[in-house]
Protein chains: 2
Amino acid sequence: MMAESESGTVDLEIIVQGTQEGKKQELRLWLRMLSTTKLISQEIRRRLRNEFGATLPQFDLMAQLYRERDGLRLGELSKRTMVTNGNVTGLVERLETDGLVLRETPDGDRRVTVAKLSKKGEELFAAMAAAHEGWLRDMMGDVDPAIIAELWRDIGGVKSSVNNHLSGAAFD
Amino acid sequence: MMAESESGTVDLEIIVQGTQEGKKQELRLWLRMLSTTKLISQEIRRRLRNEFGATLPQFDLMAQLYRERDGLRLGELSKRTMVTNGNVTGLVERLETDGLVLRETPDGDRRVTVAKLSKKGEELFAAMAAAHEGWLRDMMGDVDPAIIAELWRDIGGVKSSVNNHLSGAAFD
DNA sequence: CGTAAACCTTTGACATTTGAAATATAGCTC
DNA sequence: GAGCTATATTTCAAATGTCAAAGGTTTACG
């Protein structure tokens, strides 16, 4: 065990704990990922609310629609936001009430509902997105860019591993 | 049967990014952290429900109480689980109804409510915790232990940075 | 002592979330 | 076309989540 790391330097604390409770490394990492993600989410939620009167799920949903100006079917929205179908229904409903999103049913298939941003929705999202990006740069301001890139790669590895070990049906 | 109502396991970032060089590293990292965390959370939630009939928030709350056998005040529980006070009230209420948690008010300060695990709660949590740890080891099974340790450290750095740039107030 | 400030929890309104069942439509097969 | 199956969305109940305001309880101070 204890494979060689490319960076070569391993923290003493890690080695010590590795001998006694190395099997809890994954749990420890998970707890830290979870708390960090919660922390950032809450900060973003707070700022979205204070500065734009929007919620985080609404922002996430609008982000997808902003990238697909022709709109998206609700099922597709559900997959991209990792939110259940039933949830998407309600989110789009409220966004439509606020005049940010439009719904329409294409002629070809009447089962389908396509959601797209309204003019007002596009304008609001553009402003939110710019601010959002700035908040993240600010929050991660103390982290070395090289570390950020490294984290991005390595978390990608974690994600792949998880995808390969799902109990439910896995894609891709 | 097998009603299909899942949100499906589809990638969220491939859609959202376009290999910007340099400028949006933080945003890119954030999106990957978020989608990975969501993925793992959903898997854990699914297994907790299938194998133990419990929810993830309940598991999180019980985890805190398991570490403090004398119990915790609701406000302290709120901080540790990163959940609002009002939410903790309801969670503890439901857990008490299920006989997993006990509530009591200390003599010294009648403003306070202390929650602690019941015998039944301790036993259930012990079983869940063991399984939970195994799930994580399994899900991260393809990741080099050195990378796991490295991620733990570097995400700690991200967390510190975020904590230093909060608009409101929060701690580690 | 009395009152204001601080503290802890609960409550209430509302949004989000899940999981399952219900609707509705489309496509296929015979 | 009748019947079956697959697809797409909605609906429903219950739980979780936020935030703000309201309730009690201490504590501090004049």
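Computed over heavy atoms, backbone and side chain alike; hydrogens, waters and symmetry mates excluded. Within every chain, numbering begins at 1; the chains are lettered A, B, ... in the order of the sequence lines, protein sequences first and strands thereafter.
- No side-chain donor-acceptor contact under 3.5 Å links A/Ser78 to the backbone of A/Leu74.
- The distance from atom CG of B/Leu95 to atom C1' of D/dA15 is 11 Å, rounded to the nearest whole Å.
- Within the 4.0 angstrom heavy-atom criterion, no nucleotide atom of any strand lies near B/Leu56.
- By the side-chain hydrogen bond (donor to acceptor under 3.5 Å, both in side chains) test, A/Asp144 is found to be paired with no residue, residues two or more places apart in sequence or in another chain being considered.
- Summarising the geometry, the separation between CD on B/Glu104 and P on C/dT9 is reported as 13 Å, rounded to the nearest angstrom.
- Proximity of A/Thr113 to the phosphate of D/dA8: no side-chain N or O atom is located under 4.0 Å from OP1 or OP2.
- Look at CG on A/Leu77: it is 11 Å from P on D/dT10, rounded to the nearest Å.
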Protein within reach of the bases, or only the backbone? For nucleotides 18-27 of chain D, mark each nucleotide 5' to 3' as B, S or -, using heavy atoms under 4.0 Å.
BSS---BBS-
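- Taking the salt bridge (charged side-chain N to carboxylate O under 4.0 Å, His left out) definition, one finds that B/Arg137 meets it with B/Glu133, sequence neighbours left out.
- Side chain of A/Gln58 to backbone of A/Leu95: no donor-acceptor contact under 3.5 angstrom is found.
- Counting only distance, with no hydrogens or angles, the side chain of B/Glu26 and the backbone of A/Met139 share no donor-acceptor pair below 3.5 Å.
- The salt bridge (charged side-chain N to carboxylate O under 4.0 Å, His left out) check on B/Arg103 picks up B/Glu96, with sequence neighbours excluded.
- In this structure, CD of B/Glu93 is placed 13 Å from C1' of C/dG12, rounded to the nearest angstrom.
- The residue A/Thr89 sits close to a base: some heavy atom pair falls under 4.0 Å.
- For the pair A/Thr55 and B/Gly90, both in contact range of DNA chain C, the more 5′-proximal nearest nucleotide belongs to B/Gly90.
- In this entry the distance linking CD of B/Glu76 with C1' of C/dT9 reads 15 Å, nearest Å.
- Taken residue by residue, residues 58-71 of chain B places heavy atoms nearer than 4.0 Å to DNA chain D at B/Gln58.
- Scored by the side-chain contact (heavy atoms from CB on, under 4.5 Å) test, B/Ser161 finds A/Asp142, A/Val143, B/His165 as partners (sequence neighbours excluded).
- Whole-Å rounding puts the B/Leu91 CG to C/dT10 P distance at 12 Å.
- Applying the side-chain contact (heavy atoms from CB on, under 4.5 Å) test to B/Asp109 and every residue at least two apart in sequence or in another chain returns B/Arg111, B/Val112.
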Under 3.5 Å between N/O atoms: give me all the protein pairs with nucleotides 3-5 of chain C, atom names plus distance.
none

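- By the salt bridge (charged side-chain N to carboxylate O under 4.0 Å, His left out) test, A/Glu122 is found to be paired with A/Arg69, residues two or more places apart in sequence or in another chain being considered.
- B/Glu51 is linked by a side-chain contact (heavy atoms from CB on, under 4.5 Å) to B/Arg47, B/Trp135, counting only residues two or more places apart in sequence or in another chain.
- B/Glu123 meets the salt bridge (charged side-chain N to carboxylate O under 4.0 Å, His left out) test with no other residue; sequence neighbours excluded.
- Here D/dT9 presents its C1' atom at 14 Å from CD of A/Glu96, a figure rounded to the nearest Å.
- Nearer to the 5' terminus of DNA chain D, by closest-nucleotide assignment, is the contact made by A/Leu72 (compared with the other of A/Lys38 and A/Leu72).
- Take A/Thr37 and apply the side-chain contact (heavy atoms from CB on, under 4.5 Å) test, not counting sequence neighbours, and it matches A/Ser41, B/Trp30, B/Met33, B/Leu34, B/Thr37.
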